[in-house]
Every structure is written in C-alpha cells, then in structure tokens.
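For reference, the structure is listed below as structure tokens.
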Amino acid sequence: MRRSSPGLDPSLALSAWSEATTARADPWTHYACELVTPLYGGGVRSAEVDHTMPIRASGIRGQLRFWWRIVAGPFASPEAMFERETAIWGGVGASSPSASQVAVRVDRVSGLKIEPAFVYQTNPNKPGEYKTMPKEADWVESYALFPARGDLTADKHTIKTAPHRLALAGLGFRLHLKLDARLSAQQRQEVMTALRWWASFGGV
C-alpha cells in the first residue's frame with residue numbers, strides 16, 4: 001500500500017511518495033522518486049553526469065542539511081545553529097566529532113538518458129566557422145542553462161568546450177531515509193520538513 005507524502009506538489013521539481021512500512025519491520029522510510037526537470041551535473045566531476053551513479057546519497061544528505069538550516073531557523077546565534085545542526089547531521093565539534101543521525105541510501109536508478117543540451121551548427125554564410133550561439137535542445141530553457149552552452153575558439157573554427165550533457169527528465173530512483181532513534185520528536189519533524197522542502201523546491 002502506498003500513501004502520498006504530505007505537503008509535496010507533484011508539479012514541482014521532484015515527485016515522491018512513501019511506501020508505507022512500520023518502524024518495527026523496517027527502520028527505513030522508502031521514497032520512489034522521479035525527476036521532472038533535467039539533471040545538470042551530479043557526478044564527481046563538475047557539470048558532468050555520472051553514468052554509473054547519477055544520484056548520490058551523500059549529495060542528497062548535504063542538500064537536506066542545507067534545507068534544514070532554512071526550515072529550522074531563525075537561530076539565536078551561529079553557535080546555537082552549529083550545536084543544533086551537528087546534533088542531527090554530525091560534524092566536528094569543539095570536543096570531538098559526531099556522526100550524522102540521518103542515514104541516506106539510493107538505489108534502483110532507472111531511465112537514465114544523457115543528451116547534450118546544445119549543438120553548435122556551422123555558419124552557412126561563413127564556411128569553416130560555427131555559429132556563435134549553439135542551438136538548444138527542445139527540452140532546454142536556454143536562459144537557465146547558459147553555462148551548459150560550451151565555447152568556441154576565438155576564430156570560431158573549433159569547438160573549444162563541448163556543450164554539456166544533461167540527464168533528461170524521467171530519471172527514477174528510490175530514496176531510503178533512516179532517522180536515529182535518539183533524535184527527539186522536534187528533530188525528526190525538522191528533518192522531515194527539510195525533506196519536503198528539498199523535494200518541492202530543491203531537488204537534486
């Protein structure tokens with residue numbers, strides 16, 4: 001049986017639903033996710049999609065931590081924020097390092113399709129040269145993906161940097177989240193709110 005995750009708008013950056021389980025049977029909460037916008041980057045190299053691991057659990061945990069800072073504030077001071085943050089997400093404190101109380105896993109990645117966002121075309125009026133502006137793919141909003149256009153040499157005869165390749169919308173994966181039993185009810189609520197905000201407004 002599946003139930004919709006509360007507070008998620010399926011028209012926004014990521015749609016997800018939870019596969020209902022009981023804490024006694026399974027300490028993890030499972031979310032089937034699908035991207036509804038292209039994925040720019042996401043790999044170990046900047047602006048490059050990783051073919052073997054396009055969605056990284058470590059990246060999602062870092063994004064959840066970012067959204068937690070927004071949903072859990074305002075804070076009385078930077079020190080207060082750091083104390084509350086490390087209690088949930090871990091870090092190196094004044095006395096000793098602490099582990100994250102939020103575990104994240106990703107599996108069942110499917111539907112990965114990677115295509116260039118732009119294509120340079122030859123200039124019919126100037127043989128041997130490319131047009132200055134590449135043509136965007138029909139699924140691209142060019143104003144939002146200017147850095148993905150690549151670059152030509154000064155004489156426009158050679159593609160200096162190829163247009164970046166993006167993962168198309170429709171990429172699916174399963175997200176698993178486990179909260180440590182030592183977290184308080186308030187801390188757990190903050191993490192789940194951060195998850196909803198990430199899914200609705202942040203994405204991967």
Side-chain angles (χ1 to χ4, degrees), residues 4-5 7-17 30-71 104-177 194-204:
S4 298
S5 297
L8 292 183
D9 184 342
S11 68
L12 296 173
L14 183 112
S15 61
W17 60 91
H30 312 281
Y31 300 89
C33 307
E34 180 179 311
L35 297 185
V36 297
T37 58
L39 173 66
Y40 185 19
V44 295
R45 296 181 180 178
S46 177
E48 184 175 326
V49 178
D50 191 321
H51 287 70
T52 59
M53 192 181 296
I55 306 294
R56 292 179 175 269
S58 58
I60 292 178
R61 185 169 55 245
Q63 293 155 9
L64 292 176
R65 186 169 187 157
F66 166 83
W67 282 104
W68 175 88
R69 293 171 183 166
I70 296 175
V71 304
V104 178
R105 295 189 320 203
V106 169
D107 65 8
R108 297 189 186 181
V109 177
S110 63
L112 176 62
K113 296 179 181 179
I114 303 176
E115 295 184 8
F118 298 87
V119 176
Y120 278 101
Q121 298 177 311
T122 56
N123 190 336
N125 299 319
K126 296 182 179 180
E129 288 188 10
Y130 287 98
K131 292 182 179 180
T132 302
M133 300 300 294
K135 178 177 176 56
E136 70 271 14
D138 57 8
W139 45 269
V140 166
E141 294 291 346
S142 57
Y143 71 90
L145 287 172
F146 185 86
R149 290 178 175 177
D151 195 16
L152 298 174
T153 55
D155 61 10
K156 302 180 184 178
H157 287 180
T158 306
I159 299 175
K160 181 180 178 181
T161 304
H164 296 170
R165 298 167 61 84
L166 279 64
L168 303 189
L171 172 64
F173 62 97
R174 195 168 72 160
L175 171 66
H176 311 269
L177 195 71
L195 175 67
R196 289 195 295 271
W197 283 43
W198 166 81
S200 298
F201 306 115
V204 294

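These numbers come from a predicted model, not from an experiment.
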Next item on the list: Scan for salt bridge (charged side-chain N to carboxylate O under 4.0 Å, His left out) pairs involving residues 131-144, sequence neighbours excluded, and state none if there are none.
Entry: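 Residue pairs with at least one partner in residues 131-144: there are none.
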Euclidean distance, [Y] [atom2] relative to [X] [atom1], rounded to 0.5 Å:
X: R105; Y: S58; atom1: CZ; atom2: OG; value: 15.0 Å
X: R196; Y: W67; atom1: CZ; atom2: CH2; value: 13.5 Å
X: Y130; Y: Y120; atom1: OH; atom2: OH; value: 10.5 Å

Next item on the list: List the steps and the verdict of side-chain contact (heavy atoms from CB on, under 4.5 Å) for L39 and I55.
Entry: CA-CA 9 Å; L39 173 66; I55 306 294; 4.1 Å; yes
Next item on the list: Please collect all side-chain hydrogen bond (donor to acceptor under 3.5 Å, both in side chains) contacts where either partner lies in residues 42-51, sequence neighbours excluded, each pair once.
Entry: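 Sorted pair list: D50-T52, D50-R56.
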Notebook entry, point to check: Which heavy atom in P116 sits nearest to a heavy atom in W139, and how many Å separate them?
Noted result: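 What the structure gives for the nearest pair is O-CZ2, 3.6 Å.
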Notebook entry, point to check: If every non-hydrogen atom of L145 is compared with every non-hydrogen atom of F118, which pair is closest and at what distance?
Noted result: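 Answer, listing the atom of L145 first, then F118: O-CE1, 3.5 Å.
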Next item on the list: Name all residues meeting the side chain to side chain donor-acceptor pair (under 3.5 Å) criterion together with N125; count only those two or more places apart in sequence or in a different chain, and write none if there are none.
Entry: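 So N125 forms no side chain to side chain donor-acceptor pair (under 3.5 Å) with any residue.
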Please table the atom pairs, donor to acceptor, closer than 3.5 Å between any side-chain atom in residues 156-166 and protein atoms at least two apart or in another chain.
from : atom 1 : to   : atom 2 : distance (Å)
K156 : NZ     : T132 : OG1    : 2.8
H164 : ND1    : Y40  : OH     : 2.8
R165 : NH2    : I114 : O      : 3.1

Checklist line | Any residue meeting salt bridge (charged side-chain N to carboxylate O under 4.0 Å, His left out) with R69, in chain and number order, not counting sequence neighbours | finding: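 Scan of R69 (salt bridge (charged side-chain N to carboxylate O under 4.0 Å, His left out), adjacent residues dropped) gives E85.
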Notebook entry, point to check: Would you call the rings of H30 and H176 parallel, tilted or perpendicular, where under 30° means parallel and over 60° means perpendicular?
Noted result: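 H30 and H176: perpendicular rings.
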Check: Can you list the residues that meet the side-chain contact (heavy atoms from CB on, under 4.5 Å) rule with V109, with sequence neighbours excluded?
Finding: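 In terms of side-chain contact (heavy atoms from CB on, under 4.5 Å), with neighbours along the sequence ignored, V109 is linked to P54, V106, L171, F173.
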